[in-house]
Structures are given as C-alpha cells and as structure tokens.
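Here is the structure we will look at.
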Protein chains: 2
Amino acid sequence: MANTTASKLNEIPRGAVGRGGVLDVAARLFREQGYGSVSLRKIAAAAGIKAGSIYYHFGSKDEIVAAVLDAGIQVVHESMRQAVSALPEGAGAEAILRAAIRAHLRALLDVSDYSSANVRIFGQVPQSVRDANLHTRRAYEAEWDNLLSRLQADGELKREVDIRRLRLMLIGALNATLEWFDPHRGSAEALSRTYADVFLNGILERQET
Amino acid sequence: MANTTASKLNEIPRGAVGRGGVLDVAARLFREQGYGSVSLRKIAAAAGIKAGSIYYHFGSKDEIVAAVLDAGIQVVHESMRQAVSALPEGAGAEAILRAAIRAHLRALLDVSDYSSANVRIFGQVPQSVRDANLHTRRAYEAEWDNLLSRLQADGELKREVDIRRLRLMLIGALNATLEWFDPHRGSAEALSRTYADVFLNGILERQET
DNA sequence: CCAATTGCCTAACAGCTGTTAGTTAGGCAA
DNA sequence: TTGCCTAACTAACAGCTGTTAGGCAATTGG
C-alpha cells in the first residue's frame, strides 16, 4: 500500500527505546508491581517493543533487575552526599541530619523510580542478584555510618546509641514511607521535617523538672 | 505383600496435615521467599502432600494467602492489646508506649511466621487480596490511633505531631526491622528498648541551655 | 554506493503456574 | 456388612515464563 511511507512519520523513531528506555520502564514497573509479577513481556510491551528484543540489550532478566538495583542506590547516595556537602562549613548535627534525611526521602518519594524500585523489590529478587548489589549498598551505608560516627564523636549524638543499629533504624524507617506515602496528602518535603523532628527530639512532651 | 500393614506404622497419620498444617507451612514459606516465588507445589511439597490436594482445603491460592494475612494482623493486634491492658492502672505514656512497641516487635521477630509473612508479602499480593485484608488491618491501626490520641490529649505527647502520621512512622519503622534483624546479633527484646528510647526521646545529646 | 552494524521482529523451546476432574483408601455410623 | 465422609492421590489443561535462533529493514562508515 501507499501509506507505508506515510505511516512511518507517526511511528516512534527507530533507536528511541534502547537500553536506557527499557531500563526506565523496568524500574517503573518494578516499583509499581514488585519483582515477581513483572515479566519480560510486560516490560517489552510498556517499552513499545517485543519480548525477544530485550535480549539485544540485556543478557537476562537478572541483568536488568541488577542494573535497576545498582542505579537505585547510586541515585540516593549521590543525592545524600551532595546535600550534606552543600552545607556551610560549621553546620551542626541538627542541620546535617536534617539535610541527609531530607535528601534520602526526596530521592525515594519525589525523584526516582530507580531508588523506590530498589527498596520495594530488593527483598524479592534472587539471592544472586541481591549479592551483586551488596557492594553498592555497603558504600551508601558506610556514608551514613561515617556521618553518624563523626557526630557522635563530637558529642552531638547520645553516646549510648549503636551507630550501625541507628543507621538501620533510620534508613528502614525512611524506606518504609514508600508503602503508604501519598503525594496528595502532603509533600515529601514536609514529611522529611516530621521524620527529622521525631528522630532528633522524640515525641514525648518534655517536662521541665 | 505382608508388610502393607507394618509400613503403615511409620507413615504420617492420615489427617495430620490438614488445613492448619498447610497454612503454617504457607506462612513460613511466604515469610522466607516472598509471595511470587512460592508456588502451590512448593507449599504442598513442604507440607508433605501433593499440589492438587490443597484444593480440598482451600478454593484458590488467593484464599490461602488471604488467610495468612488476616491471621498475621490478628496475632500482632492481640499481642499489643494484651501487653497494654496488662499494665497497672496509672501507667504513664512512657510505660504504655514501651509496652506497645515491645509487643509489636516481639510478635514480628520472635513469635509468629504469620505476622512476619504479612509484613513481608502484603505489598506483593494481588490487589483483591490486599483489599480483603483491609478491615483487619484498619482495626489494628485504630487501636494504635486510640492509644496515641489518648496520650496526646493527656498532654504527654507533643501537641504538634499528627497522630495518623506518627502511627505510620512507628509501625513502618518497626516493620522494617524484618529486613535486617538477626537474632544472633541481639534480641528483639533489646531492640525494642532501643526503638522506644529513640522514638520517645530522640538521638540528640541534650544541651542544658 | 556498497558493506557492515544496529535494533528490532518472529517463532519456537522447555519448564513452571494455578486449577480441575476423576479416583482411591481409611474411618465411622447405621 | 453397607455406605458415606474425609483427605488424600493422579493426570491433565491452558496459559504464562525466561530464553534462544534466525531473519530483516534501516542507519551509518568507508
């Protein structure tokens, strides 16, 4: 037919999907539906290509999910590091912790499908994929441990808190927001303030004894 | 052969698996491996029966997972309610909150595969199953909201904290421990004390201004 | 302008999934 | 003894899964 040429015009240009496009779509689907119920055919369909074509860009499903997991951590890590290092020289513990909490939460809730997908599906992927993500993960954890240790050494954090445990508490609590956060009910910005308030000062009304 | 009678003796008694047995096994597997990668054949094998036999006790896979989810909430709910009501009459906010936190955490980490399975897989099951669990879930949430509201009305909690948000923070933070808690590194008991300490009083070293 | 490379497509594979139907054997009541 | 109920079994189904092989058109480099 004559329209073969014409129809090309409103088609997606040839190389527009590509490895990056597949990865973006995969991250979004993983975040929305979890690991187990997202098949390669779903990813392909959402990206506008066919399932087999994915194997031109990736060697396996594990390779896709591994790439999503790594990118997810890197986004939060970078966001948190920048937020902290952008602070003025003599910033106190309170300002530093508020900035770090805010950066982590905003990366999760506002910015990136990759970071939220990481939190959501990490516990669902095959062991081998989890293991491959551990290096990236530990780097981010070390960033927090360094920060917290420094503040504790300066006497700004209570001495009796174990740093590792505190980091697990903090990141765990922040990540848990993904399960219920609704942008219609309040901003990630405001939420990060509440989290900082509670973690820094607690929820008990203080008696002036 | 003559041993047909003898061999019966070291076989599992006929009705020993049953509906309850299947449910126990399912809860354990869901907690360990997540929803998507636990098939009916895996559940059946772990329970010592064949896949088809499950349909004598349950109408579908969804029915199994729904039963696990409901039981999971009920265990934590009951545990928390008892712990709080066992307190002496005039117990203060601090004692009440410590008891509630401790009960929730111990139900998750020490006691029940059902409660931990609930937390782990709730975000992975089909929408319809989630919806069916909502009633049970809301009852537990209301228990917390009542408790927190009462304490706030008595002036023991800071006025500016939103109750719903505080409850989401608290339960979210407690549930997140499932992802990293290791009984070899410390008890749920000790962990619950740390959580109470942080939530009640915060982590900042208090300056005597 | 030709050749090579890129990015996709089609068709098929073996294996696993939830589910159904029909069968069988033990225990209990009449 | 007869007959029902319970709790399992076997075998099969349609559909989906990750993955592979081979083909084909468009773009790009020489």
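Residue numbering restarts at 1 for every chain, and letters A, B, ... go by the order of the sequence lines.
For the ring pair (Phe, Tyr, Trp, His ring centres under 6.0 Å) condition, the pairs that include at least one residue of residues 165-199 of chain A, sequence neighbours left out, are A:Phe199-B:Phe199. Counting only residues at least two apart or in different chains, salt bridge (Lys or Arg N to Asp or Glu O under 4.0 Å) contacts with residues 35-57 of chain B are absent. Every pair passing salt bridge (Lys or Arg N to Asp or Glu O under 4.0 Å) that includes a residue from residues 174-183 of chain A is listed here, sequence neighbours excluded: A:Arg120-A:Glu179.
Under the salt bridge (Lys or Arg N to Asp or Glu O under 4.0 Å) criterion, A:Arg31 pairs with A:Asp113, not counting sequence neighbours. B:Ala95 pairs by the side-chain contact (heavy atoms from CB on, under 4.5 Å) definition with B:Ala91, not counting sequence neighbours. Residues meeting the salt bridge (Lys or Arg N to Asp or Glu O under 4.0 Å) test with B:Asp162, sequence neighbours left out: none. Partners of B:Asp70 by salt bridge (Lys or Arg N to Asp or Glu O under 4.0 Å), not counting sequence neighbours: none found. When the ring-ring contact (aromatic ring centres under 6.0 Å, His included) test is applied to A:His77, the partners found at least two apart in sequence or on another chain are A:Tyr140.
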Using a cutoff of under 3.5 Å, can you pull out all pairs of nitrogen or oxygen atoms linking the protein to nucleotides 12-16 of chain D, with atom names and distances?
residue: D:dA12; atom: N6; partner: B:Arg41; partner atom: NH2; Å: 3.4

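A heavy atom closer than 4.0 Å to some atom of DNA chain D occurs in no member of residues 125-132 of chain A. Within residues 56-70 of chain A, the residues having any heavy atom under 4.0 Å from DNA chain D are, by residue number, A:Ser60, A:Lys61.
For the residue pair A:Arg106 / A:Ser79, no side-chain donor-acceptor distance below 3.5 Å is found, with atom types taken as modelled.
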Q: Both distances under 3.5 Å, Watson-Crick or G-U wobble: on that basis, could you give the dot-bracket string for DNA chain C, with [ ] for crossing pairs and | for other-strand partners?
A: ||||||||||||||||||||||||||||||
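At whole-Å resolution of the value, CD1 in B:Ile43 and P in C:dT17 are 11 Å apart. In this structure, B:Lys50 atom NZ and C:dT24 atom C1' are separated by 14 Å, rounded to whole Å. Between A:Ile49 atom CD1 and C:dC9 atom P there is a gap of 6 Å when expressed in whole angstrom units. Across the protein-nucleic acid pair, B:Leu40 atom CG and C:dT19 atom C1' stand 9 Å apart, rounded to whole Å. Between the OH atom of B:Tyr55 and the C1' atom of C:dA21 there is a distance of 13 Å, rounded to whole Å. What separates CD1 of A:Ile54 from P of D:dG18 is a distance of 9 Å, to the nearest Å.
Geometric assessment of B:Lys61 against the ring of B:Tyr35 yields a positive cation-pi assignment under the 6.0 Å and 45° thresholds.
Checked by atom type and distance alone, the side chain of A:Gln152 pairs as donor or acceptor with a backbone atom of A:Val161 at under 3.5 Å.
Atoms CG and CG, on B:Leu69 and B:Leu134 in that order, are 10.5 Å from each other to the nearest 0.5 Å.
Pairing each heavy atom of B:Leu151 with each of B:Leu97, the nearest pair is CD1-CG, 3.8 Å.
For the pair A:Lys42 and B:Ser53, nearest-nucleotide mapping onto DNA chain D gives the more 5' position to B:Ser53.
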